[in-house]
J.: 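Quick one: this structure, given as structure tokens, is what I'll be asking you about.
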Amino acid sequence: MKLVVSSPPHWRVKLRESNIHRDFIIALLPALIFAVYTYGMFAVRVISLAAAAALLSDVLIRKLFRKPATFTDGSALLIGLLFGLLMPPGVPYWVVIIGAFLCIFIGKEIFGGLGSSPLNPVLVGWTIIAISWPAYVNFSLSTAHYNLGLDFQYPLIMLKNGGAGFVSDFRLIDLLLGKQVGGMGAAAVLFLLAGGLYLLLRRVVTWEIPLSFAAGVLIMSGIFWAANSEVYANPLFHLLTGNVMIGIFFLSTDYSSSPFNKWSMVAFGLGCGFLTVIFRAWGIEPDGVIFAILIMNLFTPLLDKLKKQPRPLQVSYMEKR
Amino acid sequence: MMTAWRIAKYVTKKNKRFIWLYSRKNLTRRWAWTISNAPFNTAMYWPIGAIKIMKGQELLLKCETKEIADAPQPAEVLLPLRDFDIKKDKKKLKEDLPVKTGQQLKPGFFSTVTGTIKGFGPLTPAVAEPIYLRIAVSDSEEIDPLLQAEPDFLEQEPQALLEKLNRANLGFCEELQPVDTVVVSAVDEEPLIMVYGQLLRENKERVFAGLRLLKHLTSAQKVVLAVPQPLYSFVSGAAADGIEVHSVVPRYPNGLPEILIRDMAAAYNVDSHLFLNVEKLLAAAAALTDGKPFSHKVVTVIDKQGAGNYRVRIGTPLAELLKDRRIKDNDKVIIGGPFRGSTCFDLSMPVTAATDCIYIQDENEVAFFHNNQCLNCGRCVRACPVDLDVNLLGRYAEFAIFDQCLEMDLKNCIECGLCAYVCPSGRSLVQLLRLAKSEGEKLESELEKEAVNVLEDKQEENKEEKDGERLS
Ligand code: SF4
Ligand code: SF4
């Protein structure tokens, strides 16, 4: 009789890496649908272009590097979708293609592929684009010719230019429902929240980073607001605008670039939240989420030392086993 | 309504017995049952399964009652020989030599049956080691006359008692060392195993007699009996004069000796300890009160049809024990639990004194591990009971950087298997860590040798220098 022989363990959870990426993509669906509903074919064009470019560059680069193809695990697709959702609808096609390529190439593959990137790949691509061609990712310009039925501009630019008085007209409920100018998916706060709760429920993402990120934003902006409520906006405004919600659930929780021990995650989330608000208050860019996450990514190896260190175990005697 | 029908169809397709499910009320009840009893694995697929994942159903130690049945007497037993020396042993253990149960055949090696020696043999022609001694079993049982009942054992000298215990095949060490705590565990080591809990249920009085014996034997201040939480109220009343009962959450790594001791160390001020499981304790008690050697082992046998507890003669070939279980090609027969057990390659392998469980895994339940890339998700680090950085260790081992592994406390790893169990990428982490351990040991011994050589060289140099000085 031929029996199967192997080393232990003999059980394995059914969770697979492709399931994880599939769950992330499922969680993004509400925001995707919202983007298509609001911006129509423009959203379809940008997002599908980003996804296709990411997948294609993943295949090509791995072929070039003579590594086994991994596009079926869904990580390239996820990166493409997230990159597309961060873009404004009017962005030209070549910017999307270059951006998605940079995400995969510089963000992911150069460091050795999935799980090895020290920085979130999506944010690497986005940052290169935002620094090289700032005009195309400027929300006010590129969304100007869409009639959203809104008179407002990008809320964070208004905050930057005019202080809290300018943004007091925004109703929080409108912000929550996504009636604001911003990245196509990033503005869909409520839908992102639904997706994020799905991720939490599936335990793909643990509660520490999202919760502490939100707490960090609220605490820091609360301090600013308490200090001077005429210049600085109220905490909830900060939580509901810009890329905060997509950052909380989808960008800061990227496995390879975020810590994974309990208290390290809490520290990481708090740091992201604090830096976001500080960048918004004192930085040049209107939104600081992406830079905050990138900077905290650099601290990840250090933060991961915040855990119980192994101690030697006692040895027993008398029984030979 | 449509969906209800579909669910009903699905459920009935899965288990045809439950046709009565079509009525709607029963359907919900049945559905709830399916959800609450679905194994951890399948639960992962459903959103509602998330609640399961938090509890980790699969990791729970089953504290069920399972009567222990006597397994039939085998026709032949195989006993693994330690320190095999072909010339000496062949002279001493001749063929057709009659042996009695509990008879010492060579130092530290005892017969577990009455019968005649049938010679030595490797298991299969392909495997030279380990070497087994074959003994044909005879119908009547005779116990070695050297073993006698000692009803008044509490009045005897500890060292003399220890010798008597060792004569009964208990395999304790030769000399007593002072310890402050004796820990006896009635917590089964792994899920699926139901041996120790059941033994405690059936032999409560005996267990406490054994605890008193241990207290006398080691003159420790405390004797602690660790029991799973569901059994705590059953035994806690009997705790008295220096014998304490400790309740353990019945969840997987908590029953492993190393983890058990570590968790108890703070609560009971454990400095040096002696660890025994309930079965060894009962065997020790039986050896003194009844004069019986340790010749039977309780084994849980589990397969798809269900579980059963059997009292098996040590040395029984698995093929005889598993006679009425269906085993096909490509199944896995695991000796031990699902996390730490080793696999059996030939069914003529025997039950040994350390076999707690035989787990027959069906062909389509076999878990596969690959050399996939690590996602850095950290699940392994969070799962590791001894707080190792398993993601890094796995990578270092993969790329043969073993000295770094040693620096990261690799030796603390107790090979519990939880890291590989939770890894979504399916990395064979335990295998990698074992490789790193053995390579690391080689590396260390080499380093030691080198250090000794360098020291000797230096001493020689010093000598030469001194000689040179003297000469000049
Ligand atoms: S087998 Fe894995 S989880 Fe268990 S102690 Fe070793 S490293 Fe930790
Ligand atoms: S569980 Fe697996 S994929 Fe996750 S960090 Fe550990 S080794 Fe890597």
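The sequence lines fix the lettering, A, B, ..., with proteins before strands; numbering per chain opens at 1. Scope of the values below: all heavy atoms of this structure, side chains included, with no hydrogens, waters or symmetry mates. The structure presented is a predicted model; accordingly, all values stated were derived computationally and were not measured.
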J.: Quick one: what part of B:K411 sits under 4.5 Å from any heavy atom of chain A, side chain, backbone, both or neither?
T.: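 The answer is neither part of B:K411.
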J.: Looking at A:R16 and A:D73, is any side-chain nitrogen of the basic one under 4.0 Å from a carboxylate oxygen of the acidic one?
T.: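 No, A:D73 and A:R16 are not salt-bridged.
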J.: Given a strict heavy-atom distance threshold of 4.5 Å, which part of A:K307 is in contact with chain B: side chain, backbone, both, or neither?
T.: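 Looking at A:K307, just its side chain touches chain B.
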J.: Sort A:S18 into side chain, backbone, both or neither according to what part of it lies under 4.5 angstrom from a heavy atom of chain B.
T.: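 Neither the backbone nor the side chain of A:S18 comes within 4.5 Å of chain B.
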J.: Is chain A contacted by the side chain of B:L388, its backbone, both, or neither, given a heavy-atom distance below 4.5 Å?
T.: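 For B:L388, heavy atoms of backbone and side chain both lie under 4.5 Å from chain A.
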J.: Using heavy-atom distances under 4.5 Å, tell me whether B:I414 contacts chain A through its side chain, its backbone, both, or neither.
T.: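 When you check distances to chain A, only side chain atoms of B:I414 fall under 4.5 Å.
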J.: Between B:D331 (side chain only) and B:K328 (backbone N and O only), is there a donor and an acceptor less than 3.5 Å apart?
T.: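 Checked: pair present.
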J.: Any side-chain heavy-atom pair from B:V333 and A:V4 closer than 4.5 angstrom?
T.: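 They are not in side-chain contact.
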J.: Applying a heavy-atom distance below 4.5 Å, give me the residues of residues 255-270 of chain A that approach chain B, sorted by number.
T.: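 Within residues 255-270 of chain A, the residues that come under 4.5 Å of chain B (heavy atoms only) are A:Y255, A:S256, A:F260, A:N261, A:M265.
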J.: Side chain, backbone, both or neither: which part of B:P191 has a heavy atom under 4.5 Å from chain A?
T.: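 For B:P191, side-chain heavy atoms alone lie under 4.5 Å from chain A.
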J.: Can you confirm whether A:L298 sits close enough to A:L119 that some side-chain heavy atom of one is under 4.5 Å from a side-chain heavy atom of the other?
T.: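 Of all side-chain heavy-atom pairs linking A:L119 with A:L298, at least one is under 4.5 Å.
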J.: Can you say whether B:N412 sits under 4.5 Å from chain A via the side chain, the backbone, both, or neither, judging by heavy atoms?
T.: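 Both backbone and side chain.
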J.: Side chain from CB out, backbone as N, CA, C, O: work out which of these in A:L114 comes under 4.5 Å of a heavy atom of chain B, or both, or neither.
T.: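 Both parts, backbone and side chain.
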J.: Please flag which part of B:C377 lies under 4.5 Å from any non-hydrogen atom of chain A: side chain, backbone, both or neither.
T.: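 Both parts, backbone and side chain.
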J.: Closer than 4.0 angstrom, basic N to acidic O: yes or no for B:K297 and B:D356?
T.: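 A salt bridge is present here (some side-chain N lies under 4.0 Å from a carboxylate O).
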J.: Can B:E258 and B:R340 be counted as an ion pair, charged N to O under 4.0 angstrom?
T.: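 Yes, B:E258 and B:R340 are salt-bridged.
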J.: Please classify the contact of B:L192 with chain A as side chain, backbone, both or neither, using a heavy-atom distance under 4.5 Å.
T.: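 B:L192 touches chain A through side-chain heavy atoms alone.
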J.: Report which part of B:Y359 has an atom under 4.5 Å of a heavy atom belonging to chain A: side chain, backbone, both, or neither.
T.: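 When you check distances to chain A, only side chain atoms of B:Y359 fall under 4.5 Å.
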J.: With a 4.5 angstrom heavy-atom cut-off, which part of B:C423 approaches chain A: side chain, backbone, both or neither?
T.: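 Backbone only.
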J.: Using modelled atom types and a 3.5 Å cut-off, is there a donor and acceptor pairing between side-chain atoms of A:S252 and backbone atoms of A:G247?
T.: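 Judged by distance alone, yes, a pair lies under 3.5 Å.
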J.: Does any backbone or side-chain atom of B:L375 lie under 4.5 Å from a heavy atom of chain A? Answer side chain, backbone, both or neither.
T.: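 Backbone plus side chain of B:L375, per the 4.5 Å heavy-atom cut-off to chain A.
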J.: B:F339: what forms a ring pair (Phe, Tyr, Trp, His ring centres under 6.0 Å) with it, not counting sequence neighbours?
T.: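 B:F339 satisfies ring pair (Phe, Tyr, Trp, His ring centres under 6.0 Å) with A:W11, B:Y252, B:Y421 only.
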J.: Could you tell me which portion of B:V183 (side chain, backbone, both or neither) has an atom closer than 4.5 angstrom to a non-hydrogen atom of chain A?
T.: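 No part of B:V183 comes within 4.5 Å of chain A.
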J.: If the condition is side-chain hydrogen bond (donor to acceptor under 3.5 Å, both in side chains), which residues does B:R326 pass it with, not counting sequence neighbours?
T.: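 Here no residue qualifies.
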J.: If you define the side chain from C-beta out and look only at heavy atoms, does anything of B:L318 sit under 4.5 Å from B:C344?
T.: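 The answer is yes; the side chains approach within 4.5 Å.
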J.: State plainly whether the residues B:K332 and B:E365 are in salt-bridge range, i.e. N to O under 4.0 Å.
T.: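 Answer for the salt bridge query: no.
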J.: Could you tell me which residues satisfy side chain to side chain contact (heavy atoms under 4.5 Å, CB included) with B:N372, sequence neighbours excluded, listed by chain and number?
T.: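 In terms of side chain to side chain contact (heavy atoms under 4.5 Å, CB included), with neighbours along the sequence ignored, B:N372 is linked to A:E17, B:H370, B:S425.
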